[in-house]
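All ligand and atom numbering here is 1-based and tracks the order in the structure.
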Amino acid sequence: MDSSTNGSYPADSSPITFASLNLRQEILNNLKRIGYHVPSPIQAAFIPEALKGIDVIGQAQTGTGKTAAFLLPVLERINPDDRFPQVLILGPTRELVAQVYEEGKKLVGDLGFQMACIYGGEGFDRQIRELRAGAQIIVGTPGRIIDMIRRQHLQIKKLRVVILDEADRMLDIGFRPDIERILKQTPTDRQTLLLSATMPAEVLGLTNRYMMNPAMVDLSSKDLNVDRIDQRSFRVDEDRKLKLLMRLLVREKPRQCLIFCQMKSRVRWLADELGKRIRGVMAMQGDMPQNKRSRVMKAYREGEIRLLVATDVVGRGIDVEGISHVINFDIPDDPDAYVHRIGRTGRMGKDGLAFTFVTPNQSDLLTAIEKHMNKMIEADSIEGFIACYGRKTSSPPVGRGRPGGGSRRPGGPRKPGGAKRPRNAGKRPRASSSGSRGR
Ligand code: AMP
């Protein structure tokens, strides 16, 4: 986030100042320089606990300032004169790790700490150079960290702090054995900080095994930044999604838009189709080589790309200030993934817009999301465009043309509710599938 323009976290969100959190003057000066004037709620709650040196669990979404929440107290507790790894931050994806690294460099400023960013899919040379230069703060994905330890480029026996960022996501990706292997090699008197958006049993299992009487800071519901995001859904036939997307883009004219698909093949297909029709479209999915992913991210950050089509794995790590719209071309089957996706807009208290395409047989998924957020998602429609004839398809099409191709409902097309109303004309009638949703 460009802190010079973000104006910091909304002042009414926290009466606490950074100075009252007992951070030393150099850190306070640096925060002022980078434009962080007020701590975000997770920072206000997490920093005092972590400064005690005890283990802390923080439950918070990305985009709420959690990186600074765990890094600032750590900067108080380590010594720039000790030229060996003192802090290890583990994250689930390359993008997230790179983001934490960038945020870390900002927060470190001229405090004299060296950082190393260690992830797979890229050559070893730069990473080894950073480690050899005496990095004290290591940020990395578990697989490559293990590789570096095995090749004896990284020593973790004297670590003072271990941070597990997005722990739930790391476990989703199957990093548990790697995390355990790493933790077993670290000193038992280390401080362990764990950040997670959700607390499934597997994360709790980790906390029981690897943390000592952890303090719990739970801002998961308070900090769900979804409240600031205007969320809409479209009931749409699978084979009308692309047309709907085009119409929506014309209506919304997004400054920058992130479009999510469920599968890599869908991402490729959709980016291809959009690319034939509009300029400034790129795809981002896990199969792309790291250097290409980095190039795409850079172009997106710099605003050269207006539309980015992505899968969850890469989309989750994206923190780009200018994202005005998130579109779920495919609705996610996990409500947490929905919250993470739409959290790419509305960063740090800003407003954002999120649209979700729901096919006739996906109403249950929408209901589950609404229940999870305890919030209804308004049904939307595009004037003069029929998105849904009520065709049911068992699986999303990946090819060209008009896949699915179920027959039209007898009696002609369903009239989309509220089609004549302008977008901001107040409450829109809900799609028919939503009437019985419980809260
Ligand atoms: P994170 O949740 O750590 O990904 O942070 C989201 C964005 O908010 C990042 O771009 C940070 O640079 C920015 N940020 C974090 N804390 C603050 C703060 N106290 N004031 C202003 N911006 C912040």
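For the pair Val38 and ligand 1, the shortest N or O to N or O distance falls below 3.5 Å. Checked against a 3.5 angstrom limit, the closest N/O atoms of His37 and ligand 1 fall outside it.
By the 4.0 Å N-to-carboxylate-O rule, Asp110 lies too far from Arg33 to be salt-bridged with it.
Among residues at least two apart or in separate chains, salt bridge (charged side-chain N to carboxylate O under 4.0 Å, His left out) pairs with a member in residues 66-76 are Arg24-Glu76, Lys66-Asp165, Lys66-Glu166. Applying the salt bridge (charged side-chain N to carboxylate O under 4.0 Å, His left out) test to every pair with at least one member in residues 127-138, sequence neighbours left out, gives these pairs: Arg126-Glu130.
Looking only at distances, no side-chain donor or acceptor of Glu102 sits under 3.5 Å from a matching main-chain atom of Gln99. Between the side chain of Gln43 and the backbone N or O of Gly65, at least one donor-acceptor pair lies under 3.5 Å.
The contact set between ligand 1 and Lys106, taken as ligand atoms under 4.0 Å from a residue heavy atom, comprises 12 (O). Proximity to Thr67 (heavy-atom distance under 4.0 Å) selects the following atoms of ligand 1: 1 (P), 3 (O), 4 (O).
Residue contacts with ligand 1 for Phe18 involve side-chain atoms from C-beta outward but no N, CA, C or O (heavy atoms, distance under 4.0 Å). By the criterion of a heavy-atom distance under 4.0 Å, neither the backbone nor the side chain of Gln99 is placed next to ligand 1.
Taking only non-hydrogen atoms, the option from Gly65, Pro39, Gly35 nearest to atom 5 (O) of ligand 1 is Gly65.
Heavy-atom contacts from other residues, nucleotides or ligands closer than 6.0 Å to CE of Met216 number more than 12.
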